[in-house]
Amino acid sequence: MGLKIEKLSKRYGKGLFSRETELFRDVSFKLEAGKTFGLTGPSGTGKSTLGKIIVGLEKPSQGDVFYKGSSIFELRGSEKKVFRRKVQMMFQDPLDAFNPRKKIERSLLDILSLLKIPGSKGPDKIRLMLKTVGLNEEVLLRFPAQLSGGQLQRLALGRILLLEPAFIILDEPTSALDVSVQAQILQLLKKVQAREKLGYLLISHDEAVVRFMADYCGKLEHGSLSLA
Amino acid sequence: MQKESRAYKELGVQRNLGLPKESYTLKESGLQKFGKIFKTFNRGGLLLFFFFFFLALFPSLFAPYSPSERFIPYEAPSEAHLLGTNDIGNDILSELVYGTRISLMVGFASACISTVIGLSIGLLAGYFRGWTAEVLMGFTDVVLLLPKLPLIIILGAFLRPSVWILILVLGLLSWESLARIVRAKTLQLRESGYVKSAQCIGFSSFHIMCTDIIPNLVHVILPKFMLATASAMISEASLSFLGLGDPSLKSWGIMLSFAFSRGGFIRDMWWWYLPPGLCITFCVLAVALLGFGFEPKTGVAKKEVVKLQ
Amino acid sequence: MISTAVKKTFRYLSSFALIVSLNFALPRLMPGDPVKNLIGEDVYVSDLVIEELRAELGLNRPLLEQFLAYIQALLRFDLGYSYHLHSPVAEVLQERIGWTLLFVGVSVGLGAGLGVFLGAYAGWKPETKLSRGLSCGFILLSCTPPYFLALLFLGIFAFKLGLFPFKGFYDTLTLGSIASHLFLPVSVLALFSASRNFLILRGSVIQEKEELYALYARAKGLYEREILFRHVVKNASLPIITLLALDFGFLFSGALFIEIVFSLNGMGTLIYDAIIGKDYPVLQGAFLLIALAVLIANILADFLYAVVDPRVRRPA
Amino acid sequence: MQHNLKKVLIGILILLILNASLGAGAPSSSGAEAKAGIGNETPKVQGPEFQSKGEISEGILAYMQAVYLGAALRPPDEATLSKAASAYLLQLEKTKGSVLKIATPNTVKSASLFGDYSLGIFAHLSNPPLMKMDANGKLVGQLVDCYEVSENNTRWTFYLKDELYWSDGKKVSPKDAEFTIRYYGKKTPSARWINDTLKSSSFSEAENSVTFKFNKPYTRINLEFATYNLLPAHIWEKIEEPQKYIHEGSYVGCGPYFLKRIELKAGKLVFERNPYWRGPMPAFECVEIHFYSNLDVATLALENGEVDTYYKYASSYPYPNIEQLKKTEKFDFLEKTNVGLIFLGFNLKKAPLSDRAFREALSYALNYEELVALETLGYGEVANRGFVPPSMEYYKETEKLKYNPAKARELMKKAGYEDRNENGILENKEGDDLRLTLLVRQDSARTAELLSEYLEEIGLEIEVKNVDQDTWFTLKDDYKYDLTVTRSTPWGMLMHASWGSGYFDSRRSGKGVLHTLEDPAFLQLCDELLATTDSAELEKSAHALQAYYAENLPAIPLYWNRVVTPFNRDFEGWAADPLYGIYNLETFVEVRKK
Amino acid sequence: MNSLLDVKKLKVGFEGAKPVNVISEVSFSIQKGENLALVGESGCGKSIIAHAILRLLAPEARIEGSILFKGRELLKLSEKEMAKLRGNELAIIFQNASHALNPVYSIGRQLAEPLRIHQKSGKTDATKKVLKALAQLGFSSPEKYLKFYPSWGSGGMNQRFLIASSTILEPELLIADEPSKGLDPARIKEVERELWVLGKEAKSSLLLISHDLGFVRRLADKIAVLYSGEIVELAKTSVFFKQPRHPYSQGLLGSLPENGFVPIPGLAPALCESPSGCRFHPRCPFQKEKCLREHPELKAREERAVRCFLWA
């Protein structure tokens, strides 16, 4: 079962005196398990906003998102909690994605306690995750600022994996990284996808990256999505 | 993004130096020299502060006599009375030592009140947007525009002279600048990747505010807290001078106002009027210096507060 | 743009409304009977007279009615009548504020100039002895209660050295007399104002000089001083505009202490006398006036900010 | 220049002397007619030339008219020059530009002669009240020669002095006096009693007298009339709302000086010699009153010689500052026992202070000597139980208050207040600890500190409640206190039936008064005092009242202090009365540079 | 030799809590009219070299070696002499244009500033030149921009303003510090075109600093690859892209999209903790035992220089 995005529209500025501006309208597509949907388009067209709507960080002006046949905006209580974990988002700036005041270990342990995973199982889970994303255990003792962009982006992916999601929205996951690191991350993403049967929504302005990663793609331009 | 690092980001060295963030070679060396005077200030500030703090905690260890013990009045400094005696013969040094506690209490208690209010309003308004935030910040702006000291003076005139009321008034009227900074910073933080990720992951808003936002606000709150303490102490002294203080609790401000009203100034008894004045100045200085030390080196927040939207 | 303007106007209006209501509520909520305060001590007055006065003052009417009357009066610029000063409060204020404005205005101007100049220097070269000394001095200054400093100044310069007169705005209404009378009070207030500006500007310059545009200015071939005064200071002193506006109230209250010490018959002593004598109408009026002044100063600052800072007046 | 001046002077003098003949007869007779009972001394005469001051004054009058009103001058005639006149004018010339400067913390807040409290006092110099109190506390005429009271004390007639002239040249008439009293009655809330009780008034130009008839007996009118500044009817009758009449000057006055300018911005009042003043000529052309919002600054100014003396209504120069001033060796001091005093008031309506024995015991607990030493720095003395200070008329010597804590404890025990549970605190008769509230205003914070120490010494627990003025009034009126420290002013001591009775009579109300005493014996005494103007009867009742105070202790005076006024040694001729201190006409007429 | 810029054995370090060496013995030269690109990953010290040339580094920086510009030793010039060169003969374009422009001054004023400083031009004269420069950069109605402020325009616009400001005096050497970073592909094209035009028309030499290999390929005549503070390969662009010699260069090219995102294994070392021996050895697929111990020298051959034992 996939994630179905139907006729999403987003408008900004509903203030009393400011004009309303439309970001995009009637965007519909589908995300499927194990596949990558590549979304490109010039900056400022609302690609990231679209991603944020899907993970529930923002609300659409119109339209709906269906997960397993039911609208995600109508989910309540525990159902909502479960769904929230199933769809995760990875951000552009890896340094920014970690609380600078917390050691990596703390950040990860917080998640385990949220998931109510008993303390005894925690270290194993984390070790496993680190192995998956190809990191040394030593990073746990570091503060985010002490790690490189590549390491952090791997950790960001690992953190998401702890939640066992079904879909990940990748918001420009490599555009802040160097060429060589970009290649590493992209490869890692592919590897993880294959293993966990994850569905990706890859948002990027770099068409080469999209071409490389995506199974099918679309372009968000002038407020509407054209599928290719 | 952190503003101060922009110039050095150009150099591309910041992130991958692999040093703890605090000791990025470039950043630190850049700040080192001005950091140095701050440090000397701070060391002085810290020392001063602890000095006053211990005076406040254990006055009996430092004061030669009880503050209410009476000797010959209007004595000049002598071996028995290092700072002489006042108009009713109290040992001024002892009075000074015992006054520390009250002055510090006024400062810290009112700063606590204002910090709690400012932090909660700023945090809520910054984290939850929408109408509540609009209302909260609108209210904050309105309070910001009230002329504080005149209002405090007028309230002081209307209310009965009591330290507690004074603390309450000072606390209730000095939270708005903190609220603004906190809100500005919270707005910034809530857009940061780690808050967004935390939201995605499903942490509760309360959890996010407590673990992700407040710890990152500490360097904004602490200096403000210290400055609020300092300004409360000055306000207390000023109100005492106007005769709006509480004479039953002998703070430095009250001592000073007695020194002026009972002839200390005119008799040129500098050992009477200068020490409480200097104590206020130096205690405020110590507190303010500590505050400067906590100040984020960016100063972004400062700018944002000052700019009205 | 329009919405922020509307929002701001709304905020200014509501601040003003709050100030007005506060002003109305304060004397009524507080202990003490204003009528009794109108009559001097040790004077025998029958209860009947007190009641008469109370009716005259409208203090026996319902609150709402009193409030409406108050607002109506405000709209006519009628701030009430001071029984202590025997004249309408508006007149008293009008008469008093001129000199205080002169005194505060000159001090603020001097303070801003001094603070900006020295602060810029101290921020630019924070490690030199001079700027360390300046920083220490100004921090100490900002940590001193204003009246304490004013009295010390008076004790030293007027009494011990006999350089300046003790009191009053002038002795005879000549420029020289005014200057010599105002020298000390203006110095004290200007120093206070300068200390605040100094600290802000110092921090601001320290921060601004790390900005990329400062580096770029250097890359363009500007010398040190040119970078500071052509590029950094203008950016760094922008916050001063709003600070000055917000500080207006502070300066008024600082002026209060200085006016008392130097026996200047301005707003400060007016407020002080009103506090001592519980002259509610004057207190209310003075507070309203200061609040209004702060409000106007802020509106001006907003306006000025928009003129000086292109980021604010960005065209649509 | 000098030649010219001389010429003009001579010319004017001739003119004056010529004109003097017009009214030569009348003035000399009235000047000497000091009627018995009114202790108005004839003004001291400076030299033989001034014997016929009436003539001179007339001359000057004309001169002034000539100068100010532009009347034509007649050619000089040296033959008619009088020595007296020339001396007078020389004196005038000599003192030209001389200024007497007085520092005061009693700041004038608004330029309303009628409304401003401080200005009202300072205006005594230009617009003196009809009566005044002399140096011995006796009420005597100031502008009046004598007065008569009817048998039933409802009809008062005041006979004005002749030779009083307004500074605009008009003669002071009894109409002015009538107008003034009526005007005050109508226009000031505090004098409304006049309006309410004055049945009729009349004046007689011929007798130069004014008569007031009241609808009930009044015995203290002579005292009341020592406060209302005489106003020129021809000026003030046009002013509808005198309190709102804000005017910086000049004001028409009839004293030795008239109020020239009220300069609030410069912080001073300027009085100038009244050209028509016929009394001895004051030695200064101007008198300036300088205001200082801060007492310390006033002191500094005095030390520096910026001003010549210091004046504060009902208060002494601050005692702690005297020593410093003495060091300069530029000042002498005038001391006068204050009529007002600081006292410990009791809530007589509530136990235990309602118990006379308790009060008696308590009176021994206070260390009076120390209070005098600390509070007055020696410028005072331990008071008597009779409350009233010796500076008041009909003072009666009663027993001195004594400090004896042992006796206090003993008396407490005897009266049934004992520390039975031995916790260090005495219990009342019901066995509860005695916890007393000492209600003080902030200016008595220091005194309260000392008092609570003394009282705790004998086993009372004291809670000091520092409050502001307003709260003090409220709590005091609601009888929510046990003890309170308050002060009486000279005026306060004189109000009601005088001798401080106004502070205790429970039938009264008012801001500063305690109204706690409802003992019929006391009320009876008050009524007796209020019913008579006869000095013998007054004396008898006053003595009885003081004996009552000494016996019952409705309040304990903490000390009698002295009003100390510093003045520049270069000046002489200062005089002080108990009511207004040095601010009296005598001073201003007499004082001159050595 | 008539090189415009000759950098020899440049060493840069920073004195901090722990002094670090970030650039070690970098040497390269730029001929008149030649474009050289410095490429490498973030944190390899590219920008530091640029700033070192202009002497814009913080005072804590220790710079050793020599930088000859038109035969003058820049490191020995006084600050005043240096200031005369900056912006006039040596100019730089910063990466973050929106921040490099002073927010409170108009574009017109900022563009005219170099003219005023270095040529003491009058106002009208300066304005004329500014208008010309703006027109050159493709602004259709340049007058409009005289009273324009940086915060009003987009990042791409500001980048063009910055280029105009830096090139208005037609400097002999222009340093472009990551001009393409953070820009849209379309904007990158624009910047690229302008820099190209500049090189052609103004005959300026260009020192291009970038990590974007595609961008570099189209603009630079020569490429210097930087790894961990030292040059590992220096070659003509065409040669380099055809046949990179250093394993790192090969890996870098392999990571490009057109080559299928083949990553270099491992992580780039931080500047302060360079590995011993060959700095690339931990990640090198061809590492030998020698590489662990010895630090290879940069060896020049056939118009290129490579720092690798394999290249020997």
Side-chain angles (χ1 to χ4, degrees), chain C residues 30-33 36-50 52-53 81-88 91-92 95-96 99 147 151 154-155 158-159 162 165-173 177 181 259-266 268-270 272-274 276-279, chain D residues 103 105 107-112 114-117 188-193 196 241-246 263-268 290-294 296-301 303-304 306-307 467-471 473-474 477 488-489 491-496 502-503 508-513:
Chain C
M30 300 307 163
D33 183 353
K36 280 193 187 165
N37 291 302
L38 294 177
I39 304 156
E41 213 173 312
D42 302 329
V43 176
Y44 174 68
V45 172
S46 68
D47 290 344
L48 189 75
V49 176
I50 290 186
E52 253 172 60
L53 264 173
Y81 185 82
S82 164
Y83 282 83
H84 288 242
L85 303 180
H86 313 288
S87 35
E91 268 175 34
V92 175
E95 194 227 340
R96 294 286 188 109
W99 281 90
Y147 69 89
L151 270 166
L154 185 120
F159 178 64
F166 285 91
K167 63 148 182 102
F169 285 116
Y170 54 79
D171 201 36
T172 52
L173 196 54
S177 173
H181 277 79
E259 282 189 8
I260 294 167
V261 170
F262 291 96
S263 309
L264 301 175
N265 205 44
T269 39
L270 181 73
Y272 181 64
D273 289 337
I276 302 292
K278 301 282 146 125
D279 190 349
Chain D
T107 53
V108 168
K109 287 159 201 159
S110 77
S112 160
F114 205 78
D116 190 86
Y117 185 66
T188 49
S190 59
R192 235 174 247 198
W193 63 272
D196 297 343
E241 291 186 278
Q243 312 231 0
K244 295 185 186 176
Y245 180 63
I246 306 281
E263 291 187 46
L264 296 184
K265 290 284 177 293
K268 64 180 180 187
H290 288 259
F291 314 123
Y292 291 86
S293 324
N294 185 287
D296 288 335
V297 179
T299 306
L300 290 179
E303 265 182 52
N304 252 22
E306 299 242 317
V307 284
V467 294
D468 70 310
Q469 190 97 337
D470 266 340
T471 320
F473 294 142
T474 314
D477 284 341
S488 66
T489 59
W491 255 109
M493 292 300 285
L494 293 167
M495 69 184 172
H496 192 47
Y503 284 97
R508 292 172 47 87
S509 69
K511 273 178 89 168
V513 306

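The sequence lines fix the lettering, A, B, ..., with proteins before strands; numbering per chain opens at 1.
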Answer with side chain, backbone, both or neither: which region of [X] has an atom nearer than 4.5 Å to a non-hydrogen atom of chain C?
X	result
D:His290	both
D:Phe291	backbone
D:Ile246	side chain
D:Glu241	neither

- Go through D:Thr107, D:Leu264, D:Val108 and name the one with the most non-hydrogen pairs under 4.5 angstrom from chain C.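 Top count of heavy-atom pairs under 4.5 Å with chain C: D:Leu264.
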- Message: Among D:His496, D:Glu303, D:Glu263, which residue has the highest count of heavy-atom pairs closer than 4.5 Å to chain C?
- Response: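 Sorted descending by pairs with chain C, the first entry is D:Glu303.
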- Message: For the NZ atom of D:Lys244 and the CZ atom of D:Phe114, what is their distance to the nearest 0.5 Å?
- Response: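 Answer rounded to 0.5 Å: 14.0 Å.
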- Query: Which answer fits C:Glu91, side chain, backbone, both or neither, if we ask what part of it has an atom under 4.5 Å from a heavy atom of chain D?
  - Reply: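 For C:Glu91, no heavy atom lies under 4.5 Å from chain D.
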Is it true that a side-chain atom of [X] and a backbone atom of [Y] form a donor plus acceptor pair closer than 3.5 Å?
X	Y	answer
D:Asp116	D:Lys109	yes
D:Lys265	C:Leu264	no
D:Asn294	D:Asp296	yes
C:Ser177	C:Thr172	yes

- Sequence neighbours left out, what passes ring-ring contact (aromatic ring centres under 6.0 Å, His included) with C:Tyr170? Give chain and number order.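 C:Tyr170 satisfies ring-ring contact (aromatic ring centres under 6.0 Å, His included) with C:Trp99 once adjacent residues are dropped.
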- Task: Tell me, out of C:Val261, C:Leu151, C:Thr269, who's got the most heavy-atom pairs with chain D below 4.5 Å.
- Result: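 Ranked by contacts with chain D, first place is C:Val261.
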